[in-house]
2 protein chains.
Amino acid sequence: MSHSPSGQTTLVDVARRAGVSLATASRAINDSYGVSTKTRGRVLAAAEELAYVVSPEASRLAGGRTGRVGLVVPHIDRWFFGTLVAGAEGVLGDAGLDVLLFRVGDADDRRDFFHRLPARRKIDGLIVVGFPVLEAERERLDLLGVSIVSAGGQQEAYPYACVDDYEVGTIAVTHLLNLGHRRIAMIEAIDPDQPGWPTLAPRSAAYHDALDRAGIRSGPGLVCTVPWGGEAGADAMAQLLSRAEPPTAVYAHSDEIAVGAIRTARRAGLDVPGDISVVGIDDHPIAALTDLTTVAQPVRAIGERAAATLLEMIDGQHLPSSTTFPAKLVVRRSTAPPAVGARD
Amino acid sequence: MSHSPSGQTTLVDVARRAGVSLATASRAINDSYGVSTKTRGRVLAAAEELAYVVSPEASRLAGGRTGRVGLVVPHIDRWFFGTLVAGAEGVLGDAGLDVLLFRVGDADDRRDFFHRLPARRKIDGLIVVGFPVLEAERERLDLLGVSIVSAGGQQEAYPYACVDDYEVGTIAVTHLLNLGHRRIAMIEAIDPDQPGWPTLAPRSAAYHDALDRAGIRSGPGLVCTVPWGGEAGADAMAQLLSRAEPPTAVYAHSDEIAVGAIRTARRAGLDVPGDISVVGIDDHPIAALTDLTTVAQPVRAIGERAAATLLEMIDGQHLPSSTTFPAKLVVRRSTAPPAVGARD
DNA sequence: TCTAAGTTCGGAAACGCTTCCGAAAACCAA
DNA sequence: TTGGTTTTCGGAAGCGTTTCCGAACTTAGA
């Protein structure tokens, strides 16, 4: 077997075996115009037999694609991001593209990422997973010269796949209102590492608007703003319970927060949902396991859609389109009508 | 300014500006032998002024490293894997290496991965995250010709970073025994997608051995084997509760399973830990949020260690070494001594 | 001052691929 | 059959580096 010095099979080997020129072999493998079906078949067969894989470096250097897509993710260890990545990876992988992972955990990582642009010259497209891109960052990103889509966070700048967070919030709060609750608190989440997190504002606005519509004033004492995470939710609930008139229901910006809040309530001797109702957002697996009522969003599907959109953009077929996914209420056992004595 | 057609600044530009040859410029930038200090300084200055960045493709093609490391992961959307990846990504990223993600979710993906070897020619090293590599698969992997380490699963074949699962199991079961429990059940997990999951056997063996040592027979009715996951844990608990003599304590192979089991117990009107104790494994965030007693393993640190080991291997400095991390019991509120009436 | 050894640097050949351009071959209608 | 199209294919020029090899130049020892 005649291999190149590198020990790897090269296109030359494939071409020789198929009895065609290097140029033709390349065209056949890349499905370019100008190769007869028969020849293409022969080349593909030869490639198969020799277990040939293109060298992405050479391919790219010669003006082709890298065959790689970048995924920029704040926290790969959180369910939401992991699931979204899994969805994207699935369709990307099926399309034969590799996934390059970039984390932008804290503010430093983030600055570094946009400044150094480690993705430069390495990818054909980029998916920004679950965080907003600032104007200045967008300019840096443009330097990459590749297609970009946003997943899990609505963005002006790029095509996106996500859920309508205002709708999500409205569904959650309305559920509480429908049950008869009037003193409804909100535990509002912020990610200290990701200033300007886009889902925050709509989820909060939905709360205020829904209460307004119901003719209820959302007293300032009923909103707690905490960093993202379960423990913070637990702390927030403690604050809420220390109010003169504690809420009969709590709307949390995420399931983790909600579960933390429930832990505090239970430790305080309260029954959930008997004494206090709690609703979360996401339908994180933890929600099912802890009987938490929540608003489900199809995270995996969002990741898949984002990837599909990116593929379309890379292929340059039709104009890229954004997709907004529907959310739906999942009623479990953390919400119930308020106790009679608690109604006002 | 004279730039190459690509629009990017190339080494040629730098060389011209510094008034040296291409070869010298390359040597200066790569800190190779044979360049005078003065010349090197001139080249570096020119590079700086032109904001030059090497083309990774060209560099690699001409004989360098890919600057990429592969991560093979079964389920990126599960906390354990996500956290491990986050740890590995951290140290890899700091070392200037990019991370290429490969998922091998189900058996099909897996076969495909080892057959097609999509990682070929794309990486300098590989981390196998949390699953055992079969003999046949190992042979395929050798074809990659790169360094390999295993993270989160002890392996004969490769250097590894993980926890001793036998110890983990022993800690959990001993805790239950020390509390005075005698009818201790085990919910044993298997991953249907990953036959031969290596952590399973030690975790189960630890249970049997610990009971033996305590002079207790582990009746067959006290072990449930279920697929991985919270819902399965819930089902398993239902089975256990339907026994003539239900257990007073349950040892679950993971926190998700444990939480599912607790849900079932609570729905059945049992108090946890009053009527039945439950202990899990991992110290998944869900454990803290649901007051679950568990055995913690330093997942993130394991990922970091695995990456560090791989870096050493790639650099070829010293011989690679495996690391076993300690696990520790985290006592929360899901375990307590058995109710008096339940003691036998 | 002359030779031998050591330094510093430039020329040029890879690395493995894509693609432009032109030639050969195949096809069609007249 | 012939001339003109349309396909199909090979030659060859890059893409931006690294590195081997040898030339030129510097230094040191005699």
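By convention in this document, chain letters (A, B, ...) are assigned in the order of the sequence lines, proteins followed by strands, and residues within each chain are numbered from 1.
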Quiz item: Roughly how bent is the helix from C:dT1-D:dA30 to C:dA30-D:dT1 end to end, in steps of 10 degrees, with each end axis from five pairs?
Solution: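 Computed angle between terminal axes is 30°.
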Pairing residues for [X] by the salt bridge (charged side-chain N to carboxylate O under 4.0 Å, His left out) criterion, not counting sequence neighbours:
{"X": "B:R116", "answer": "B:D112"}
{"X": "A:E48", "answer": "none"}
{"X": "B:R60", "answer": "none"}
{"X": "B:R120", "answer": "none"}

Whole-Å distance separating the [atom1] atom of [X] from the [atom2] atom of [N]:
{"X": "B:K122", "N": "C:dG16", "atom1": "NZ", "atom2": "C1'", "result": "15 Å"}
{"X": "B:D13", "N": "D:dT17", "atom1": "CG", "atom2": "P", "result": "9 Å"}
{"X": "A:Y33", "N": "C:dT18", "atom1": "OH", "atom2": "P", "result": "19 Å"}
{"X": "B:L61", "N": "C:dG16", "atom1": "CG", "atom2": "P", "result": "7 Å"}
{"X": "B:E57", "N": "C:dA14", "atom1": "CD", "atom2": "P", "result": "22 Å"}
{"X": "B:Y52", "N": "D:dG16", "atom1": "OH", "atom2": "P", "result": "10 Å"}
{"X": "A:R121", "N": "D:dG16", "atom1": "CZ", "atom2": "P", "result": "7 Å"}

Quiz item: Is there any salt bridge (charged side-chain N to carboxylate O under 4.0 Å, His left out) pair reaching into residues 20-32 of chain B, and which pairs are they, with sequence neighbours excluded?
Solution: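 Matches after skipping sequence neighbours: B:D31-B:R40.
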Exercise. Could you tell me whether B:R65 and A:E57 have a side-chain N and a carboxylate O separated by less than 4.0 Å?
Key: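 No, no charged N to carboxylate O under 4.0 Å.
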Quiz prompt | Residues B:R138 and B:E135 bridged, charged N to O under 4.0 Å | solution =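 A salt bridge is present here (some side-chain N lies under 4.0 Å from a carboxylate O).
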Quiz item: What are the residues of residues 34-48 of chain A, sorted by number, that bring a heavy atom to within less than 4.0 Å of DNA chain D?
Solution: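 Going residue by residue through residues 34-48 of chain A, the ones with a heavy atom under 4.0 Å of DNA chain D turn out to be A:G34, A:V35, A:S36, A:T39.
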Quiz prompt | Sequence-distant partners of B:Y160, ring pair (Phe, Tyr, Trp, His ring centres under 6.0 Å), two or more places apart | solution =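 Counting only residues at least two positions away or on another chain, B:Y160 forms no ring pair (Phe, Tyr, Trp, His ring centres under 6.0 Å).
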Every protein N/O lying under 3.5 Å from an N/O of nucleotides 23-28 of chain C:
none

Quiz item: For A:R60 and B:A62, take the nucleotide of DNA chain C holding the closest heavy atom to each; which residue's nucleotide lies nearer the 5' end?
Solution: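 Closer to the 5' end of DNA chain C: B:A62.
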Practice problem: Please report the C-alpha distance between B:L97 and B:L311 in whole Å, then the side-chain angles of each, then the deciding distance to 0.1 Å, and finally whether the side chain to side chain contact (heavy atoms under 4.5 Å, CB included) criterion is met. | Solution: CA-CA 9 Å; B:L97 292 175; B:L311 289 179; 3.3 Å; yes
Practice problem: Using a 4.0 Å heavy-atom cut-off across all strands, classify B:S26 as base, sugar-phosphate, or nothing. | Solution: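 It contacts base atoms.
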Practice problem: Using a 4.0 Å heavy-atom cut-off across all strands, classify A:V14 as base, sugar-phosphate, or nothing. | Solution: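 Answer is nothing: A:V14 stays at 4.0 Å or more from every strand.
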Using atom types as modelled, flag every donor-acceptor pair under 3.5 Å from a side chain in residues 124-134 of chain A to any protein atom, sequence neighbours excluded.
unit_1, atom_1, unit_2, atom_2, d
A:D124, OD1, A:T66, N, 2.8
A:D124, OD1, A:T66, OG1, 2.9
A:D124, OD2, A:T66, N, 3.2
A:D124, OD2, A:T66, OG1, 3.3
A:D124, OD2, A:G67, N, 2.8

Quiz item: Do A:D13 side-chain atoms and A:T9 backbone N/O form a donor-acceptor pair below 3.5 Å?
Solution: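 No; judged by distance alone, with no hydrogens or angles, the pair does not exist.
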Quiz item: Do B:S59 side-chain atoms and B:S55 backbone N/O form a donor-acceptor pair below 3.5 Å?
Solution: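 Checking the backbone N and O of B:S55 against the side chain of B:S59, no donor-acceptor pair under 3.5 Å is found.
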Practice problem: List the steps and the verdict of side chain to side chain contact (heavy atoms under 4.5 Å, CB included) for A:L92 and A:L71. | Solution: CA-CA 11 Å; A:L92 257 18; A:L71 254 47; 4.3 Å; yes
Quiz prompt | Pair listing, side chain to side chain donor-acceptor pair (under 3.5 Å) test, anchored in residues 89-102 of chain A, at least two apart | solution =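 Found A:E89-B:R103, A:D98-B:K122.
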Grab the N/O contacts between the protein and nucleotides 10-12 of chain D below 3.5 Å, and write none if there aren't any.
unit_1, atom_1, unit_2, atom_2, d
D:dG10, OP2, A:S21, N, 2.7
D:dG10, OP2, A:S21, OG, 2.9
D:dG10, OP2, A:T24, OG1, 2.6
D:dG10, N7, A:R27, NH2, 2.9
D:dG10, O6, A:R27, NH1, 3.1
D:dG10, O6, A:R27, NH2, 3.2

